[in-house]
Amino acid sequence: MGSKNNPANRRRSPLSIIIVFGLCCFFYLLGTWQKSGFGKGDSIAMDITKKTECEEDFSTLDFHPHHNIPIPDSSKPKSKTFKPCDVKYTDYTPCHEQDRAMRFPRENMVYRERHCPPQEEKLKCLIPAPKGYSTPFPWPKGRDYVHYANVPFKHLTVEKANQHWVEYQGNVFKFPGGGTMFPQGADAYIDELSSVIPIADGSVRTALDTGCGVASWGAYLMKRNVLAMSFAPRDNHEAQVQFALERGVPAIIGVLGSIKLPFPSRAFDMAQCSRCLIPWGENDGKYLMEVDRVLRPGGFWILSGPPINWKTYYQTWKRSKEDLRAEQRKIEKLAESLCWEKKYEKGDIAIWRKKVNPKSCKINPTNFCKSTDTDNVWYKKMETCVTPYPIVKTGNEVAGGELKKFPARLQAVPPVISKGLVPEVSIESYQEDSKIWKTYVATYKRANRLIGTSRYRNIMDMNAGYGGFAAAIESNKLWVMNVVPTIAPNTLSVVFERGLIGIYHDWCEGFSTYPRTYDLIHGNGLFSLYENKCDLEDILLEMDRILRPEGLVILRDEVDVLTKVMKITAGMRWDVKLLDHEEGPFVPKKIFVAYKQYWVGNKGNDTSSSE
């Protein structure tokens with residue numbers, strides 16, 4: 001049944017329909033009239049428009065940008081794209097190339113020292129990785145195994161086969177831990193050293209290996225919490241330093257020749273020569289004097305190999321008894337003149353200890369080096385003189401200051417700081433620096449959770465300062481090469497007194513290492529430091545050379561400088577992002593984070609292909 005209220009029953013009035021139709025026509029005509037320009041509505045709109053035009057009413061406003069990040073201009077040329085180098089440069093070491101080395105004299109190993117190309121000969125391309133390159137094995141497996149494709153050189157597996165340096169097994173190299181003077185393995189060798197040297201208790205933390213081979217001594221010291229800096233020349237022992245770094249062991253290309261080692265005085269707690277064949281008694285003893293310079297008071301020097309145990313090996317070494325006896329006597333006499341005391345000689349090993357101060361020494365004062373700046377070593381000629389001890393007041397005092405045992409040594413105030421020997425650095429400013437770096441490293445770890453793990457084992461700090469970054473990130477899963485630029489304040493002695501290792505270097509030149517040897521490269525204020533000193537492009541190309549594929553770069557610097565850096569890296573196969581400073585976006589310093597893309601050389605067309 002239908003309801004009387006049902007709308008279907010209603011009838012629309014003809015009058016209402018006419019009224020609605022009339023209103024619609026009226027409003028349509030009204031709108032048309034105003035649109036024609038004769039209505040008041042249009043004049044009102046025109047007045048409003050005129051009053052809102054940007055003339056002198058807003059002349060006092062400043063619309064210029066108040067930040068320094070330039071807005072990209074599409075009319076300007078795009079960033080330069082760096083092409084891959086020819087595959088023949090896969091293992092290019094700019095300052096240690098054989099062709100250039102052969103132009104220099106062989107006397108005193110001068111030709112094996114650093115000889116860098118002039119600006120016009122520098123490569124302006126990206127060094128390719130070898131085909132089949134793989135990320136190194138994580139530590140500690142990486143100590144014993146290396147991918148053959150990464151370092152495809154079998155020479156040492158043949159030449160040193162009976163000494164167990166390295167073995168080739170399928171697609172990997174195996175490092176059994178042997179060496180010329182430790183056929184029973186590095187562990188057994190270090191055990192014997194530990195019977196004389198306090199390696200286990202943290203007294204010895206930094207070590208120097210001269211003529212290191214594949215650095216098995218340094219590799220096995222790491223599990224005993226000792227950091228060894230190893231060096232060897234780029235010579236016929238093909239890729240020995242490259243093997244060391246591929247294993248995850250600190251090493252550089254270097255030699256005891258005519259110039260000083262790139263380390264400060266009193267840097268190392270221990271040094272060794274294991275059949276390094278350095279003529280210690282020749283050249284008036286200047287090589288041993290250089291080791292004495294970098295050895296801390298109370299430090300140890302180990303000599304294993306010729307002429308030690310000459311009575312057993314003189315026939316194997318094809319030398320006369322008289323010759324070897326005279327050589328050992330010369331070394332013994334030289335060590336005594338340096339204020340070293342012989343502590344041990346048994347079998348193939350002899351150990352000396354440098355006295356903690358000169359009170360009981362018989363050093364001829366005329367033999368002391370005249371220069372007071374014993375840390376000014378970059379490209380400085382090695383001297384035939386004795387580096388004087390720091391002044392002491394009592395016979396029991398350790399010259400230069402006594403260090404705490406590691407790991408307490410890492411966070412303690414170094415003696416060079418507490419004694420006021422570093423200009424413009426107080427105990428308070430040093431401690432504040434350490435605190436800040438803990439905050440900064442925490443930021444890095446939030447940005448990349450793999451930082452602090454063995455994924456980034458070989459780390460470089462390109463402008464290390466007091467070693468705050470390395471101290472904050474310190475772990476047995478990694479190590480840091482702390483570089484103090486030669487144009488920066490000289491703080492490398494602080495780094496070593498903390499129980500860290502490092503080196504002097506000028507970043508206008510190539511670093512003494514092979515390509516692809518670092519997993520993470522860090523730099524604080526580096527490009528501001530070098531902005532007017534050399535081409536920033538050259539520094540970035542060198543970083544790319546020594547960085548492994550899929551490696552990480554972290555830079556801290558002024559935003560203006562990082563903008564220039566980003567423009568260059570846009571053509572370098574890096575994936576880049578810019579992060580704000582910990583204190584917020586208005587701080588003019590920023591954090592630059594970049595990941596190097598994986599790509600390898602392609603022999604087919606001498607270019608590179610991504611994989």
Side-chain angles (χ1 to χ4, degrees), residues 190 193-194 196-209 218 220-230 249-250 263-272 293-301 353-357 375 389-390 392 396-422 425-438 440-441 452 459 461 464-484 490-503:
I190 295 169
L193 301 182
S194 298
V196 181
I197 303 171
I199 292 175
D201 70 352
S203 298
V204 171
R205 167 64 176 174
T206 57
L208 180 67
D209 191 359
Y220 281 80
L221 277 172
M222 298 191 93
K223 70 179 183 180
R224 304 180 192 230
N225 225 6
V226 175
L227 272 178
M229 174 77 81
S230 302
V249 182
F263 312 117
S265 301
R266 301 181 299 280
F268 296 97
D269 306 316
M270 175 171 65
Q272 84 138 2
R293 182 185 70 82
V294 299
L295 194 63
R296 287 194 62 78
F300 295 86
W301 184 60
R353 190 185 188 203
K354 182 176 181 177
K355 292 187 177 180
V356 296
N357 64 51
D375 292 347
Y389 278 84
V392 295
N396 296 324
E397 184 181 352
V398 178
E402 188 170 2
L403 299 173
K404 293 185 179 295
K405 295 179 179 181
F406 199 85
R409 175 175 169 179
L410 184 66
Q411 300 299 341
V413 177
V416 288
I417 298 289
S418 60
K419 292 176 180 291
L421 301 179
V422 181
V425 181
S426 65
I427 293 175
E428 292 74 21
S429 64
Y430 167 78
Q431 291 175 331
E432 180 62 24
D433 181 81
S434 296
K435 182 180 178 181
I436 288 172
W437 277 108
K438 289 178 182 178
Y440 289 171
V441 168
I459 300 177
D461 192 353
Y466 313 131
F469 166 75
I473 204 173
E474 202 280 328
S475 165
N476 60 8
K477 297 177 181 178
L478 55 86
W479 58 271
V480 179
M481 180 71 76
N482 292 277
V483 182
V484 172
N490 185 359
T491 55
L492 194 52
S493 57
V494 177
V495 171
F496 275 97
E497 288 194 353
R498 298 185 81 162
L500 304 168
I501 57 173
I503 188 172

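Just so it is clear, the model here is predicted, and its values are computed rather than measured.
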Between Met222 and Pro250, which heavy-atom pair has the shortest distance, and what is it?
CE-CD, 4.0 Å

Give, for atom CZ of Phe268 and atom CD1 of Ile501, the distance between the pair rounded to the nearest 0.5 Å.
7.5 Å

Donor-acceptor pair, Arg266 side chain versus Ser493 backbone, under 3.5 Å?
no

Using modelled atom types only, decide if a donor and an acceptor are shared between the side chain of Asp269 and the backbone of Arg205 within a distance under 3.5 Å.
yes

Correct closest heavy-atom pair for Gly499 and Phe406 would be O-CE1, 4.1 Å

Could you pull out the closest heavy-atom pair between Ser203 and Arg409, with the gap in Å?
O-NH1, 4.3 Å

Sorted by chain and residue number, the side-chain contact (heavy atoms from CB on, under 4.5 Å) partners of Lys438 (sequence neighbours excluded) come out as Gln411, Ala472

Which residues satisfy the side-chain contact (heavy atoms from CB on, under 4.5 Å) test with Val483, sequence neighbours excluded?
Met460, Met481, Ile503, His505, Trp507, Phe511

Have a look at Leu500 and tell me which of Leu492, Leu410, Asp461 forms a side chain to side chain contact (heavy atoms under 4.5 Å, CB included) with it.
Leu410

Give me each pair satisfying salt bridge (Lys or Arg N to Asp or Glu O under 4.0 Å) with a member in residues 491-500, each pair once, sequence neighbours excluded.
Arg296-Glu497

Whether the side chain of Thr206 engages the backbone of Ala267 through a donor-acceptor N/O pair (distance < 3.5 Å, no angle test) should be reported.
yes

Can you tell me if Arg224 uses its side chain to pair, donor with acceptor, with the backbone of Ala200 under 3.5 Å?
no

Taking all atoms of both residues into account, what is the closest heavy-atom pair of Ser475 and Gly452, and its distance?
OG-O, 4.1 Å

Run the numbers on Phe469 and Val441 for side chain to side chain contact (heavy atoms under 4.5 Å, CB included), then give the verdict.
CA-CA 7 Å; Phe469 166 75; Val441 168; 3.8 Å; yes

Can you tell me how far the CG atom of Asp209 sits from the CE atom of Met270, to the nearest 0.5 Å?
9.5 Å

Min side-chain heavy-atom separation Pro198-Phe300 under 4.5 Å
yes

So does Asp201 have more than 12 non-hydrogen atoms from other groups sitting under 6.0 Å from CG?
yes

Can you tell me how far apart CG (Leu193) and CD1 (Ile199) are? Round to the nearest 0.5 Å.
5.5 Å

Interatomic distance, CG@Asn225 vs NZ@Lys405, rounded to 0.5 Å, equals 13.5 Å

Starting at CG of Leu208, measure out to OG of Ser230 and round the result to the nearest 0.5 Å.
8.0 Å

With rounding to the nearest 0.5 Å, note down the distance linking CH2 in Trp437 to OH in Tyr466.
12.0 Å

To check you understand the geometry: which heavy-atom pair defines the closest contact between Pro415 and Leu403, and what is its length?
CD-CD2, 3.4 Å

Of all heavy-atom pairs linking Val413 and Tyr430, the shortest is CA-CE2, 3.9 Å

Taking Lys354 for the side chain and Leu295 for the main chain, is one N or O donor matched with an acceptor at less than 3.5 Å?
yes

